[in-house]
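To keep things clear, I will list the structure first and then write my remarks on it.
Each chain gets a letter, A, B and so on, in the order its sequence line appears, and its residues count up from 1. As the structure is a prediction and not an experimental result, all values here were calculated from the model.
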There are 2 protein chains.
Amino acid sequence: MATSRPSAHHSSANGPSAHRASRSRRSSRPSGDEREAAILATAERLLAERPLAEISIEDLASGAGISRPTFYFYFSSKKDVLLSLLDRVAEEADRAIVPRPPSPIADPAAFWRDVLTAFLGAFGSHRAVTAAADAARASDPEIGALWSRLMTGWVDRDAAIIEAERAAGAAPDGPPARELATALSLMVERSMTALFADQEPALPREQLVETLLHVVLSAVYGTAA
Amino acid sequence: MATSRPSAHHSSANGPSAHRASRSRRSSRPSGDEREAAILATAERLLAERPLAEISIEDLASGAGISRPTFYFYFSSKKDVLLSLLDRVAEEADRAIVPRPPSPIADPAAFWRDVLTAFLGAFGSHRAVTAAADAARASDPEIGALWSRLMTGWVDRDAAIIEAERAAGAAPDGPPARELATALSLMVERSMTALFADQEPALPREQLVETLLHVVLSAVYGTAA
DNA sequence: GTAGATCTCGACACCGTGTCGACTGGAGTC
DNA sequence: GACTCCAGTCGACACGGTGTCGAGATCTAC
């Protein structure tokens, strides 16, 4: 049995072979980390051309300059590669998060516009990965779980903000904050995946933020700016 | 080359062998139509248990009491079966459509609640098919096209209603009606697929209609009832 | 220089798909 | 009541993708 390689998804620092990090000598064979990165890069490149189902492990391996069995040293399956890719996008998205201001929010339209724009930017810079993960979510429990974890984070946050706005008298009462935040988050999610996957009907990129903003402001504050 | 069987999707009456319809004699071998129906029934049953990717053609064939090659006499692939299934659901949904009232709508809350309920009812009675089609949509162009056709229909209709309401002075101006209808339709679509596929986060069935109704009314009329 | 971990791949077993060609049995001639 | 036509049926095959195993090369540390 070959040595198993953890192939780090699940956020935490890429630990697998960090001790090998500081080695600038050009070795005859590319290092393991370089190969892993090459597989991921190949995957993201190919995903921009065709769905995951039409990409074989042979494609990923040869794209990274290795043989098919060697692929399995780095990842246990195609799904695992997508999981890693999605994990990196998620990390990036977390970093792009807009800091939450105290309620009442001085300029709600500006604030929510920033939130929407940040969200769009984070996932929009990896359209292919987002679209592939969206496609895989329904049929793959692990992808689905990671996606759910992300979405639940946004929903929790939005629900807390809505509650704070209501408590501060800035927003009127309405449906329970959590349910309202869920409906709005699902709208945003779906609007973006439709755009990224070139599906119809979809909101054109130029109008996406303003249209969603109108719905959010109306639903939360009862008034569109 | 075996006789090709059209295996009627695309709405129109199930024409393939209608001439065989009026035959009550119990023949030693079930008729072709019965077999086709058996395959569809097996597919819908199995889809309630596991995703399409984990259902083999062998499963469908044996479930319908035929061998794998015989399956290909009736359908050209698994995807074809799902397409037929989705087509039937779409027909059912079209039949459940709420007639459009003249603007201004006397009781907008009641009207939009009916629309949402009808939508939920039509797809909710075939959760498994809806969830499977949702999953396949992103990776299969044909499923995607059929789904798009359906969604575009709803969006067109909703956009026309919003425009009429505005023209009648019942709803204030706002984002272009088509974009607003798109955002709201995507929200409704996603809320339902999340519910049907038991994904998180999702709106619980009991609160789904009222929450979505609040968002729709706020976004279209500027006021939640 | 040698021990142990890391990394590599040829060869294999397996499974699901889709096709081909031969067969079966009932329905419609005459 | 033999004949032929055709919808329907399936055994056997070819193929392509997945994942594993075991034998190796190569690097690192001491």
Side-chain angles (χ1 to χ4, degrees), chain A residues 1-8 15-39 43 46 50-82 139-140, chain B residues 1-8 15-39 43 46 50-82 139-140:
Chain A
M1 185 191 310
T3 319
S4 91
R5 200 160 202 273
S7 79
S17 37
H19 55 85
R20 220 207 289 103
S22 62
R23 177 162 50 91
S24 58
R25 272 303 280 116
R26 193 115 206 68
S27 51
S28 62
R29 215 158 49 176
S31 79
D33 286 352
E34 282 165 338
R35 296 245 132 122
E36 187 170 324
I39 293 173
L46 294 182
R50 50 186 197 271
L52 187 62
E54 286 172 29
I55 299 173
S56 71
I57 288 178
E58 171 67 34
D59 292 336
L60 297 178
S62 72
I66 56 179
S67 73
R68 205 170 54 77
T70 299
F71 166 91
Y72 288 99
F73 184 77
Y74 295 99
F75 296 95
S76 69
S77 66
K78 270 194 288 187
K79 178 198 81 191
D80 226 44
V81 175
L82 180 54
S139 45
D140 184 288
Chain B
M1 186 190 310
T3 320
S4 91
R5 200 161 203 272
S7 80
S17 36
H19 55 86
R20 220 206 289 104
S22 62
R23 176 163 50 91
S24 57
R25 271 308 276 121
R26 192 116 206 66
S27 51
S28 62
R29 229 172 20 187
S31 79
D33 286 352
E34 283 164 338
R35 297 245 131 123
E36 187 172 325
I39 292 172
L46 294 182
R50 49 185 197 270
L52 187 63
E54 288 173 27
I55 298 173
S56 71
I57 288 177
E58 171 67 34
D59 292 336
L60 297 179
S62 72
I66 56 179
S67 72
R68 204 169 55 77
T70 300
F71 167 91
Y72 288 98
F73 184 78
Y74 294 100
F75 296 95
S76 69
S77 65
K78 270 194 288 187
K79 178 198 80 190
D80 226 43
V81 175
L82 181 53
S139 46
D140 183 287

Q. Step by step, would you call B:Leu52 with B:Val81 a side chain to side chain contact (heavy atoms under 4.5 Å, CB included)?
A. CA-CA 10 Å; B:Leu52 187 63; B:Val81 175; over 6 Å; no

Q.
Please determine whether side chain to side chain contact (heavy atoms under 4.5 Å, CB included) holds for the pair B:Phe75 and B:Ile57, giving the CA-CA distance in whole Å, both sets of side-chain angles, and the decisive distance to 0.1 Å.
A. CA-CA 10 Å; B:Phe75 296 95; B:Ile57 288 177; over 6 Å; no

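Rounded to whole Å, atom C1' of C:dG16 lies 13 Å from atom CG of B:Leu52. Rounded to whole Å, atom P of C:dC7 lies 13 Å from atom CZ of A:Phe75. As rounded to whole Å, 13 Å separates atom P of D:dA7 from atom CG of B:Asp33. Atom NZ in B:Lys79 sits about 9 Å away from atom P in C:dG18, given to the nearest Å. Rounded to an integer number of Å, the gap from B:Glu34 CD to D:dG8 P is 11 Å. Atom P of nucleotide C:dT17 and atom CZ of B:Phe71 are separated by 9 Å, given to the nearest angstrom. Going from atom CD of B:Glu58 over to atom C1' of C:dT17 covers 12 Å, rounded to whole Å. Rounded to an integer number of Å, the gap from CG of A:Asp59 to C1' of D:dG16 is 12 Å.
Among all heavy-atom pairs drawn from B:Tyr74 and B:Glu36, the shortest one is CD2-CB, 4.1 Å. Shown here for B:Ser139 and A:Pro51, the closest heavy-atom pair between the two residues is O-CG, 4.3 Å. Nearest heavy-atom pair across A:Phe71 and A:Ser77 is CZ-O, 3.7 Å.
The side chain of B:Phe73 approaches D:dG8 more closely than any other nucleotide in the set C:dT17, D:dT18, D:dG8. Comparing D:dT9, C:dT17, D:dG19 by their nearest atom to the side chain of A:Tyr72 picks out D:dG19.
Applying the salt bridge (charged side-chain N to carboxylate O under 4.0 Å, His left out) criterion to A:Asp59, with sequence neighbours excluded, gives A:Arg50.
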Between the protein and nucleotides 9-12 of chain C, which nitrogen or oxygen pairs come in under 3.5 angstrom?
| unit_1 | atom_1 | unit_2 | atom_2 | d |
| --- | --- | --- | --- | --- |
| C:dC9 | OP2 | A:Ser67 | N | 3.0 |
| C:dC9 | OP2 | A:Ser67 | OG | 3.2 |
| C:dC9 | OP2 | A:Thr70 | OG1 | 2.9 |
| C:dC9 | O5' | A:Ser67 | OG | 3.4 |

